[in-house]
Amino acid sequence: MPATTRSATAWGFLAPGLILIGLSVLIPAAMALVMSFTQSGLDVSEPLQFVGLANIRRLLADPMFFKVLGTTLLYLVGVVPPVVLGALALAVLVNRQLPGIHWFRAALYTPVLVSIVVAAIAFRWLDAETGLINGWLSALLGPAFSPIGFLTNPLLALPSVMVVTLWKGLGYYMVIFLAGLQGISPDLYEAAELDGSEGWRKHLDITLPLLRPYLTLVAVISAIAATKVFEEVYLMTQGGPADATKTLVYYVYDQAFAELEISYACTVGLALFVIVLLLSLVRFAFAGDKGFS
């Protein structure tokens, strides 16, 4: 088959996907970029009024933007290390040839299959002042117990939302680490034991260095996911109490659909895009050609 024919066939197979991506991702992204330099409201029939860098200057002077940026970074710091360490520990735990281990792996992966909407609503019921957790604590501690406002206390609301992200993500990232672990030859561990490396020491000497590409991958994609968190916040706290759980994506939603500041919402979205882009560049810089390139 001539090279021209092969090329045309390949592009023919790629065309439907490229058209779909263009219509659903690239064109809306380009429109959002243009609108971030204009002043427009909800009525898309009105002509766009170009305002230059006014929205960016407003963003840099907006205290709420820096507040939600700080909350988003705090969410990232509170979620990514436990996800990476927890998923790695679970992967090491289930990477054994034991009776029924497949069922144990399936049980740990089950939360990934649960809809985030269902998970958030379930945890909202669990964390309510009249919910199951407070009910258990009340039964355990007696009448002197005062219900804990997991979702109404500004200090507890964000960690309570983080728990949902952790619960949903651990099984998914565990599978990634498990794939990496099963690619490590058992002979390496046997050689390490002969050199006196036993127990957890062999994981420090063998497992962690060989899993570096997987560690980078999980850290970066979990950081990107944490940066873009929305459903948990919307369903559990709606940014409250006192804006304690308002993240960047929720702020974009709030500005676009509550305040009807479409152009400014696009500008905040542009800032979010820059953050995600930087995280992606970090992933490529650290992974390089040693793994997922």
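Residue numbers count from 1 along this sequence.
In this structure a side-chain-to-backbone donor-acceptor pair under 3.5 Å is missing from Asp243 to Val68. Judged by distance alone, the side chain of Thr38 and the main-chain N or O of Met35 form a donor-acceptor pair under 3.5 Å. The main-chain N or O of Ile101 is never found under 3.5 Å from a side-chain atom of Arg96 such that the two would form a donor-acceptor pair. Although no hydrogens or angles enter the test, the distance criterion places a donor-acceptor pair under 3.5 Å between the side chain of Thr71 and the main chain of Lys67. A donor-acceptor pair under 3.5 Å is absent between the side-chain atoms of Asn95 and the main chain of Leu178, judged by distance alone.
Aromatic ring orientation, Tyr234 versus Phe230: parallel (interplanar angle below 30°, classes split at 30° and 60°).
In this structure, Met31 places its CE atom where only 12 or fewer heavy-atom neighbours from other residues, nucleotides or ligands lie under 6.0 Å away. Counted within 6.0 Å of CZ on Phe273, heavy atoms from surrounding residues, nucleotides or ligands total 12 or fewer; the atom is thus considered open.
Nearest approach of Val112 to Gly171, heavy atoms of both residues: CG2-C, 3.8 Å. The two residues Leu279 and Val220 have their closest heavy-atom pair at O-CG1, 3.3 Å. Across all their heavy atoms, Pro154 and Ala244 have their closest contact at O-CB, 3.7 Å. Considering every non-hydrogen atom in both Ser36 and Asn55, the closest pair reads O-ND2, 3.0 Å. In plain terms, the two heavy atoms of Ala32 and Cys266 that are nearest each other are O-CB, 3.4 Å. Annotation for Ala223 and Thr227: closest pair O-OG1, 2.7 Å, computed over non-hydrogen atoms.
Taking 4.5 Å as the limit, every side-chain heavy atom of Leu270 sits out of range of all side-chain heavy atoms of Leu59. Two residues are said to be in side-chain contact when any heavy atoms from C-beta on lie closer than 4.5 Å; Val233 and Val249 fail this criterion. Residues Phe65 and Leu60 have side chains not in contact (no heavy-atom distance under 4.5 Å, counting atoms from C-beta outward). Annotation: side chain of Val83 is not in contact with side chain of Thr165 (no heavy-atom distance under 4.5 Å). Between Thr245 and Tyr75 the shortest side-chain heavy-atom distance does not fall below 4.5 Å. Residues Asp127 and Ile133 have side chains in contact (heavy-atom distance under 4.5 Å, counting atoms from C-beta outward). Between Asn134 and Phe145, some side-chain heavy-atom pair lies under the 4.5 Å cut-off.
In the hydrophobic clustering of this structure, Leu208 groups with Leu181; members are Ile, Leu, Val, Met, Phe, Trp, Tyr whose side-chain heavy atoms approach within less than 4.5 Å, directly or through other members. Tyr173 is connected to Ile184 through a chain of hydrophobic side-chain contacts under 4.5 Å among Ile, Leu, Val, Met, Phe, Trp and Tyr, so both are in one cluster. Side-chain heavy atoms closer than 4.5 Å link hydrophobic residues (I, L, V, M, F, W, Y) into clusters, and following such links, possibly through other members, connects Leu113 to Tyr172. Connection of Ile224 to Val25 is not established within any shared hydrophobic cluster, with ILVMFWY side chains joined at heavy-atom distances below 4.5 Å, either directly or through further cluster members. With hydrophobic clusters built from ILVMFWY side chains whose heavy atoms lie under 4.5 angstrom apart, Phe177 does not share a cluster with Leu85.
One distance of note links CG of Leu90 with CZ of Arg105; it measures 12.0 Å at 0.5 Å rounding. Taking CG from Asp62 and CG from Leu69, the interatomic distance works out to 11.0 Å, rounded to the nearest 0.5 Å. Going from atom OG1 of Thr267 over to atom CG of Leu272 covers 12.5 Å, rounded to the nearest 0.5 Å. For the atom pair CZ of Phe50 and CD of Gln39, the computed distance is 12.5 Å after rounding to the nearest 0.5 Å.
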Next item on the list: Under the side-chain contact (heavy atoms from CB on, under 4.5 Å) rule, what do Leu73 and Ile275 come out as? Steps first, then yes or no, please.
Entry: CA-CA 10 Å; Leu73 295 178; Ile275 294 172; 5.5 Å; no
Next item on the list: Test side-chain contact (heavy atoms from CB on, under 4.5 Å) on Phe37 and Leu53 and set out the steps.
Entry: CA-CA 6 Å; Phe37 297 98; Leu53 300 177; 3.7 Å; yes
Next item on the list: Any chance you could lay out the side-chain contact (heavy atoms from CB on, under 4.5 Å) test for Leu278 and Val274, step after step, and finish with the verdict?
Entry: CA-CA 6 Å; Leu278 291 175; Val274 171; 4.3 Å; yes
Notebook entry, point to check: Where do Arg58 and Glu261 land on the side-chain contact (heavy atoms from CB on, under 4.5 Å) test, with the steps shown first?
Noted result: CA-CA 12 Å; Arg58 174 183 172 183; Glu261 293 277 2; 3.5 Å; yes
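Between Glu231 and Lys168 there is no salt bridge, since no side-chain nitrogen of the basic residue lies less than 4.0 Å from a carboxylate oxygen of the acidic one.
At a cut-off of 3.5 Å, with distance as the only test, no side-chain donor of Thr72 or Tyr251 sits close to an acceptor on the other residue.
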